[in-house]
Student: 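My questions all concern the structure below.
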There are 2 protein chains.
Amino acid sequence: MSKTDKRDDILRAALELIAENGFHGAPMALIAEHAGVGAGTIYRYFENKDVLITELFREIETRIIPVLLDGYSLQKSINERFFHLGTVMLRYLIENPLEFKYLEQFINSPFGVVHRRDKLMGKNERDVFRELFEDGISQQVVKNIPLVILFDLAFGPLLAVTRDHILDFIQLDEDLMGLTVNACWDSVKR
Amino acid sequence: MSKTDKRDDILRAALELIAENGFHGAPMALIAEHAGVGAGTIYRYFENKDVLITELFREIETRIIPVLLDGYSLQKSINERFFHLGTVMLRYLIENPLEFKYLEQFINSPFGVVHRRDKLMGKNERDVFRELFEDGISQQVVKNIPLVILFDLAFGPLLAVTRDHILDFIQLDEDLMGLTVNACWDSVKR
DNA sequence: TTATCCGGAATGAACGTTCATTCCTGTTTC
DNA sequence: GAAACAGGAATGAACGTTCATTCCGGATAA
């Protein structure tokens, strides 16, 4: 078994347990057990639980970005670009409920606040969403209000709708997904 | 000191500590200390921590409802009614950051899921928001999509924007609040 | 080829801490 | 004097993390 195998086993076990039971329903001992690994072994790969949690977040983020960018073109209209990102994201999250649940846990925790602050400060590499809204404002097709609010208007509902689907409050099909993304567009468009 | 005084002290202490530090940053012993009360005393008023948490939620809900209804009239247009509820809610939450932070903690926790499910099942008394959307759909001024999605579109962003204000990512003044509520309206209106 | 040795990876029992809850003692109230 | 109440030390369960020990595969020696 290669070195990274065990690391992956640990990450997968953490993803499953945290997504289903939250940070506090996923003790290290249980993560170890589900990964088929000794409790101490986790600490050979991750300094502590906090590091494990943030590494897992980065891992998921890295998985999503190429999916979003597949077929995404800066040549298209702002509206089309928004629709592309929105539906692809919605579809991805619905097809990967574990990852969605994990992201939700992460975002609604002190980890998430730190992450959000860093993002807004522009500490990151290229951010397609920020780019899209900035283009939209300068082309006068998007409301000229603070970026943060545009994020809230557009992605807050997308996450909320995904959660409702996963909790079985609604059944999102392609039609309903389209309607939802369009509704979000209505809220940010001029 | 009257019987309810102590109960209120406990609720207030719990509100402050949970809002600032989350459920896990608010041990019962600390709540007791902040309330000026013995640890055991809390259990004379609340069966256990879960009960304390849900009681506090109900308390806050009860405080907000009359504020929302003040000046609210079913005679006005759907648009006006939406604007009224949206801005009043936004203003209230911004002026009562502790209550907002508590609500956020509550909603993003297993407690919140249960509460949401009950609400959607219509287990509750009159719900002004549900009423508003149902009227809007039948008058054909609101998009004919599932109620849940309308909630997500309208109130997700309002909560998100409030959080960003409280975290100092933006400064919401009356203008910006108006713009935000209008943007939410754009997303639900036909 | 076989026997011995070696180093790092893996282990899981044990530790110290934290927490919700209980219990017993003292105090107030009537 | 009895009954209800309040207090906070005591309790036991759960947790993250540590560390002395075991395990294992490859190198070395005979």
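Residue numbering restarts at 1 for every chain, and letters A, B, ... go by the order of the sequence lines. All values below come from the heavy atoms of this structure, side chains included, with hydrogens, waters and symmetry mates left out.
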Student: Could you list all the salt bridge (Lys or Arg N to Asp or Glu O under 4.0 Å) pairs where at least one residue sits in residues 70-91 of chain A, not counting sequence neighbours?
Tutor: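 Non-adjacent pairs meeting salt bridge (Lys or Arg N to Asp or Glu O under 4.0 Å): A:Arg81-A:Asp135, A:Arg91-A:Glu174.
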Student: Rounded to whole Å, please give me the gap between NZ in A:Lys6 and P in C:dA9.
Tutor: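 A:Lys6 atom NZ is separated from C:dA9 atom P by 11 Å.
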Student: How many Å lie between CD on B:Glu33 and P on C:dC19, as a whole number?
Tutor: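 Atom-to-atom, B:Glu33 to C:dC19, this comes out as 12 Å.
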Student: Under 4.0 Å between a Lys/Arg side-chain N and an Asp/Glu carboxylate O for B:Glu134 and B:Arg130?
Tutor: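 Looking at B:Arg130 together with B:Glu134, the answer is yes, because their closest N to O distance falls below 4.0 Å.
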Student: Would you please name every residue forming a salt bridge (Lys or Arg N to Asp or Glu O under 4.0 Å) with A:Asp186, sequence neighbours left out?
Tutor: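 By the salt bridge (Lys or Arg N to Asp or Glu O under 4.0 Å) rule, A:Asp186 matches A:Lys189, B:Lys143.
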Student: Salt bridge (Lys or Arg N to Asp or Glu O under 4.0 Å): which pairs involve residues 29-42 of chain A, sequence neighbours left out?
Tutor: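 Listed by first then second residue: nothing to list.
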Student: From CG of B:Leu17 over to P of C:dA20, roughly how many Å is that when rounded to an integer?
Tutor: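 Those two atoms, CG and P, are 11 Å apart.
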Student: With sequence neighbours excluded, tell me which residues meet salt bridge (Lys or Arg N to Asp or Glu O under 4.0 Å) with B:Arg12.
Tutor: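 B:Arg12 satisfies salt bridge (Lys or Arg N to Asp or Glu O under 4.0 Å) with B:Asp9, B:Glu16 once adjacent residues are dropped.
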Student: Mind calculating the distance between CG (B:Leu52) and P (C:dA20) to the nearest angstrom?
Tutor: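 For the pair B:Leu52 CG and C:dA20 P, the rounded distance is 10 Å.
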Student: Could you give all pairs that pass the salt bridge (Lys or Arg N to Asp or Glu O under 4.0 Å) test and reach residues 100-114 of chain A, with sequence neighbours left out?
Tutor: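 Of all non-adjacent pairs touching residues 100-114 of chain A, those that pass salt bridge (Lys or Arg N to Asp or Glu O under 4.0 Å) are A:Glu20-A:Lys101, A:Glu104-A:Arg163.
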Student: Can you tell me the distance, in whole Å, between the CG atom of A:Asp9 and the P atom of C:dA10?
Tutor: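 It is 11 Å, rounded to the nearest whole Å.
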Student: Between the protein and nucleotides 11-18 of chain D, are there any N/O to N/O pairs under 3.5 Å, and if so, what are the atom names and distances?
Tutor:
residue, atom, partner, partner atom, Å
D:dG16, OP1, A:Lys49, NZ, 2.4
D:dG16, OP2, A:Met28, N, 2.8
D:dT17, OP2, A:Tyr43, OH, 2.7
D:dT17, OP2, A:Lys49, N, 3.1
D:dT17, O5', A:Tyr43, OH, 3.4

Student: Could you state the atom-to-atom distance from CD1 of A:Ile10 to P of C:dA9 in whole Å?
Tutor: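 Distance, rounded to whole Å: 13 Å.
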Student: Does a side-chain N or O from A:Tyr45 land closer than 4.0 Å to OP1 or OP2 of C:dA10, or not?
Tutor: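 Yes, such a contact exists.
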Student: What is the distance, rounded to the nearest whole Å, between atom CZ of B:Arg44 and atom C1' of C:dT22?
Tutor: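 Distance, rounded to whole Å: 13 Å.
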